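Chain naming here is simple, since letters A, B, ... match the order of the sequence lines and numbering starts at 1 in each. These values consider heavy atoms only, across backbone and side chains, with no hydrogens, waters or symmetry-generated copies. Since this is a predicted model, take the numbers as computed values, not measurements.
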Amino acid sequence: MCSLALFPPPLPCGQATLCETNNELLSRSASEDCLKQSSPLSLYFPRESLKPHSRTESSSKAAFLDHCETLWMRSAAAWRDAGLTGLLNEIANSSAEVPKWLSVSSGCVLALLQRISSFHGSLFPHLTVRQMLINYCFTRSDCAVRAFAWHPHTDKFAVALLDDSIKIYNPKSATAPTLKHRLQRSVAAVQWKPLCASALAVACQNCLLVWHVDPCSLSTRPSSGCAQVLSHPGHSPVTSIAWSPSGSFLVSASPMDTNMMVWDVAAESCVPLQRVGGGGVTFLSWSPDGSHVLASTPAALFRVWETRMWTCERWPCLKGRCQSGCWSPDGSRLLFTVQGETVIYALTFTDTPGIPSNTKGPKAAAVVADLSETTFNTPGGDIVVGGEIQSLAWDPRGERLAVLLKGDPQARDRPAMIAVFKTRTSPIFELLPCGFVQGEPGTEPRLMQFHPNFQHGALLTVCWSNGRITHVPFYFLSAGMARHGLGGSPPQPRPEERPADYINQTLYTELTT
Amino acid sequence: MFSVEQSCWFIRKVICWRAAASVAWAVLLLPPSIAVFVIISRVSLLHPIQWISECVSLLTSATAIFSFILLCGVVLIVGFLNLEYYTVIPSIACSKIALLGQLLHPRQFVSSLVHCILGVIVAWCCAVTIGGRYQTLGYPCTQADGSPQLCLNEYQVILLLAGAFVGYCHSVLGVIHNMNYVSFHTVQQYKYLRFKGSLPLVVKCSAIQALYSVRNYLVVYFFLGYVPRTWICKTLNLQLNSSLHPLDTIAGLLDFSLLYHLWISGTFLLFTWYITLLLFRIFVTEVYSFPVQSSFTEDVHQCLPKVLTGQQPAILKFLALHDLALLSQHSPSRRSEVFSLSQPGGHPHNWNAISQECLSLLADLTQRLVAHHDTVATNGRAKSLSTGSDKKSLSSESSVTSGTEDVMTPRPSVLIKTPASVFLRSSVGSPLTVPFTPDLDSPFSSPALRRLAGPVEQCSPWHGTVQSPHIMRRGPKLWSTSTDSQANSLPSSPAPVPSPTPAASKPSLLAQFLQNRKEQVKNFLAKRVLIMYLLNKLPEASSQALFADTQSHIWALEGLSYLVKASFSEDQFGVVQTTLPSILSSMLVLQEAVDRHFKLPHASSKPVRSTSSMEDSSYKTLRFALRATLKTAIYRITTTFGEHLNAVQMSAEHQKRLQQFLEYKE
């Protein structure tokens, strides 16, 4: 088992990680790094450059003349915007225009509803957890970047910004389309559809949007007609989405809805999948081979769905909810972390996909890494690294695992940090230390994702809290060239290996024959 | 004949058993639903103990058991009707008059009648169960002069008639909303879970539908209620009790307990029928795993390649294609059987049969789309039958046929050579009278009506696929009768007059004449508003009808693309490589045709929002699903093969197009 004590010490203050080459992480001083932003894909979104965060309807109202609408119009608008509560509120507030009994009774009903909802909350404590979680999801407002997604096949990516717009960057084209839609509010996640050039799914406050952005189009503002709106009553706010690797389904989930939706996007139809327990779904991850979906709940429970017949296995965790998870590239291994614990667990799925009779997974999860707090002595003072894990990312070749450690934003000596492991699967599954990825001083990593097909190794894209997006390449020769295919089949096709010239050393030799 | 035997095998051994199982489950679900109905119908919150005890005693009484037996019979008959009327290819009426024709069709009339009678039976059971004033049809009363007599109990009459009305509405709405269409779900689930998931929807739908039906029924009864009442009084020699209010007045109908009982009974009726329908759909569309190859010769006709290439019934073909799509995705062992070579001889018979069938399906759809586009492009009018234009369209489609010709070898026709079947094939094969090309001027070209033409008609879309495109093209010249021969009951129809003689000798002249005649008739009719209203095409319908059976094409595309993808690492003998160029080119040609179709002015680019009802509206979105699947299928092949595709022999145009896909620019 690997622990943080085996890691090389973090960089001194003022240094930022540049890349990994020759089996070590290179760094340079952060200021120099800032000056040499040569790469077109390194972006910087300072908060100030964005418009103030999407004003609410009421605040923009002030800019217009007061217009007297009839009570009916206002009631209808309130019903549309905020449902029954809004309607009752509107009626109760406009006591001058309605009969007294109506305003009084609606006020009473409103009070009753509030009483019931508070009672509801005390009955189901995990609902409040959910509410906190949603607040957490939507108030990470110090970072201008809300969500980030690489296209699974090409070098383009989508960035969702704090002002609810989405920008698409492509190094091969000069235009960077900006996607805006009336319903695109509080974007929580974006993901490109696999096996498609143009479709981008966006998880919004009240619905899912699927944008079809023509890659050949020169338009910088695709019209909202390019977006499909997928919504289902009660399914909001949508906070996590996952496309099936075959591109046929989209799964969406909301912490407030116990249903998990499987969408047939082209037909705009959905199948709700529901199981008792957990209440809501907070995190979704589809295994790269398409056979399983991880769905974690706000309770101490997560599920692993098998995608052929959509049955699920329950995995009750002991301590907290499942915080994050990631799949190995062949879909046989799931790594996950649990809130309140500082270890990474692994589950192995050895079943052959497609035979539903023996989809019995493992019986227990094994601990593969211990990330408890460790103190490093650096020239700038002691730095404590470790603790709770926020998210995991595994590179598409299965050789590098990035772990985002939460840290403590208040304490200066406990920064949030990305620890990178080297992983190998044979002869036994093992995590080996690689190093820490750090950014400019004072910034924290918020989001990270590996490039889906980087030719020279792995490329980790990190969104920092100051709105900067950087890319950290890990140059290595793939050790898993002779991957263990199913049933001794020939190796999987993959893009030609064109390692950079200065890499002449493999990290690992294959031990099996 | 061979194929008849085969279809018998499948219908007899699988479909019938599945239908029987679904009916059995529906019968098993009757007692709980009856219990719920009893509890709800007798609800009295003020006396809960009395309420519960009454319900329990009622449920164990003889009448309850008798009604249960009756209801079992009703469910059996409904299940039988489901089995008899179901279809996997929806019949879409393209104009109002076609819809009217569907509604007035004798077959439909029989169904409506049976539903009416069943509705009365269920309503009688409800009346007996609710008891009280609904219990009997007659009751003793004293007339004004003091003599005891039997009087008519109008409460039971109104309930029974409500049952008949709801049953009739169910049957009519079934036609309008294609309730008999059975769709296949893309998300596979076990039967129990699917049933559990749909149960709330069924309850909601039956309650809402019953509400609407009862509302309409009350309006009808208010105006026409005296007719059945007097009739029953006359026939059964009953008297009307003059001391009571008749029910067809506003005061009589504003009886909330009566309205509640009507609504509850209607909901119960629709619920039992919808449950039967739902179970039937779930059971029939269950995946059936066909063996890819069999070592016993007597089982060969049950193997996937044979079943795929067979013609009928449509459900068999659909299940086979579904199985193909699933096996290509999930099952390496069955894939290896597809790629295997025959033992003596070493021919890839399995792969050849499967790929050829899929490719001919795709080519068929391409052809249909091109023909539709041509008709629409000439301003919605049917193109004249002159050979010149025919040639022109042929040359414009040369790319269509070039890619697929090598795989479209004519196969032995399995049709019985009755006049009906010949007529059918010609109607299917001709580019101008493609079955689902509703832009023909005939409003009668809907598949539902063609269904009358003969029993083989049910799987009509498959008939055309056996022919090579050239043979199919010859169709219209030989048989320009098109689909209207059954429509000559309506002489005012603007359809082309069926020409009884083969017009092969002078097709252009005769066609010209027919065309002129048609124009004249049309111009005459265009002045009549009502007729134009009936003949106007429903929006969207033509597009929907064109893609009515596209689920099969979607599976064919999925199956092919997954098999090709798997062949990259699993195909040891390279059997797939030989067909790769034709697969790619037929996909690209289809892609082009689909793109062109979506650029037509009337084709909306987005699916309509589906309402939640028992109506299965998935056929309305099939074309969008096809478009997405097609693109994904091509990408699946290009991402797997990558640069190797440059070595595949293809026309320059297709190479260029493929390059777009390789660069992710589509």
Side-chain angles (χ1 to χ4, degrees), chain A residues 151-156 170 172 193-199 212 214-216 225-229 231-233 246-249 259 262-275 290-291 307-311 352-356 453 485-487 489-496, chain B residues 185-190 193-194 196-197 287 326-327 329-336 554 558 561-562 565-566 568-570 572 605-610 612 617-618 620-629 631-644 660-661 663-666:
Chain A
H151 190 277
H153 306 290
T154 55
D155 286 335
K156 66 177 171 186
N170 188 346
K172 286 182 194 148
K193 178 180 175 180
L195 296 178
C196 184
S198 58
H212 295 272
D214 186 359
C216 302
C226 299
Q228 271 180 295
V229 182
S231 62
H232 191 267
S246 64
S248 42
F249 297 119
N259 284 322
V262 183
W263 292 91
D264 183 355
V265 173
E268 294 194 1
S269 65
C270 71
V271 177
L273 297 175
Q274 191 173 28
R275 291 291 185 277
S291 61
T307 59
R308 199 182 153 178
M309 295 304 279
W310 291 101
T311 53
T352 49
I355 302 164
N453 43 14
L486 290 170
S489 60
Q492 291 285 318
R494 54 177 39 204
E496 296 151 351
Chain B
H185 280 252
T186 41
V187 177
Q188 297 295 308
Q189 272 182 290
Y190 286 109
L193 294 171
R194 182 171 292 173
K196 204 179 80 176
V287 178
L326 288 178
L327 89 86
Q329 244 179 93
H330 295 296
S331 167
S333 59
R334 294 178 72 199
R335 274 200 303 258
S336 71
I554 290 174
E558 281 188 355
S561 63
Y562 276 111
K565 180 190 174 197
F568 193 85
S569 54
E570 294 175 16
Q572 299 178 353
S605 59
K606 275 189 189 175
V608 285
R609 202 109 273 248
S610 65
S612 59
S617 58
S618 61
K620 292 180 182 164
T621 53
L622 276 178
R623 58 184 188 278
F624 305 103
L626 177 83
R627 182 173 61 171
T629 313
K631 218 169 232 184
T632 309
I634 300 176
Y635 270 122
R636 188 169 291 135
I637 296 177
T638 53
T639 40
T640 311
F641 282 77
E643 296 298 316
H644 300 293
Q660 295 275 316
F661 276 95
E663 288 166 6
Y664 292 94
K665 285 191 173 163
E666 269 297 320

B:T632 side chain reached by A:K193 side chain, heavy atoms, under 4.5 Å | yes
Please identify each residue that fulfils ring-ring contact (aromatic ring centres under 6.0 Å, His included) with A:F249, with sequence neighbours left out.
-> none
Step through the shown structure and confirm whether more than 12 heavy atoms of other residues, nucleotides or ligands are within 6.0 Å of CD on B:Q572.
-> no
How are the rings of B:Y664 and A:H153 set to each other: parallel, tilted or perpendicular (split at 30° and 60°)?
-> parallel
So B:L193 and A:R275, side chain to side chain contact (heavy atoms under 4.5 Å, CB included) or not? Walk me through it.
-> CA-CA 10 Å; B:L193 294 171; A:R275 291 291 185 277; 3.3 Å; yes
Worked check of side chain to side chain contact (heavy atoms under 4.5 Å, CB included) between A:L273 and B:Q189 | CA-CA 10 Å; A:L273 297 175; B:Q189 272 182 290; 3.4 Å; yes
Under 4.5 Å to a heavy atom of chain B? For A:K172 that would be neither
Crowding at NZ, B:K620 (>12 non-hydrogen neighbours, <6.0 Å) = yes
For A:R308 and B:Q188 the tightest heavy-atom approach is O-CB, 3.1 Å
Whether B:R636 side chain and A:S246 backbone form a donor-acceptor pair below 3.5 Å = yes
Taken in chain and number order and not counting sequence neighbours, the residues that satisfy side chain to side chain contact (heavy atoms under 4.5 Å, CB included) with B:Q329 are B:E558, B:Y562
Gap between atom SG of A:C216 and atom CD of B:Q660 - 0.5 Å precision | 5.5 Å
Among A:G290, A:P272, A:S248, A:A266, single out the residue with the greatest number of heavy-atom pairs under 4.5 Å to chain B.
-> A:A266
Is the shortest heavy-atom distance from the side chain of A:L195 to the side chain of B:T639 under 4.5 Å?
-> yes
Where does B:L622 contact chain A at under 4.5 Å (heavy atoms): side chain, backbone, both or neither?
-> neither
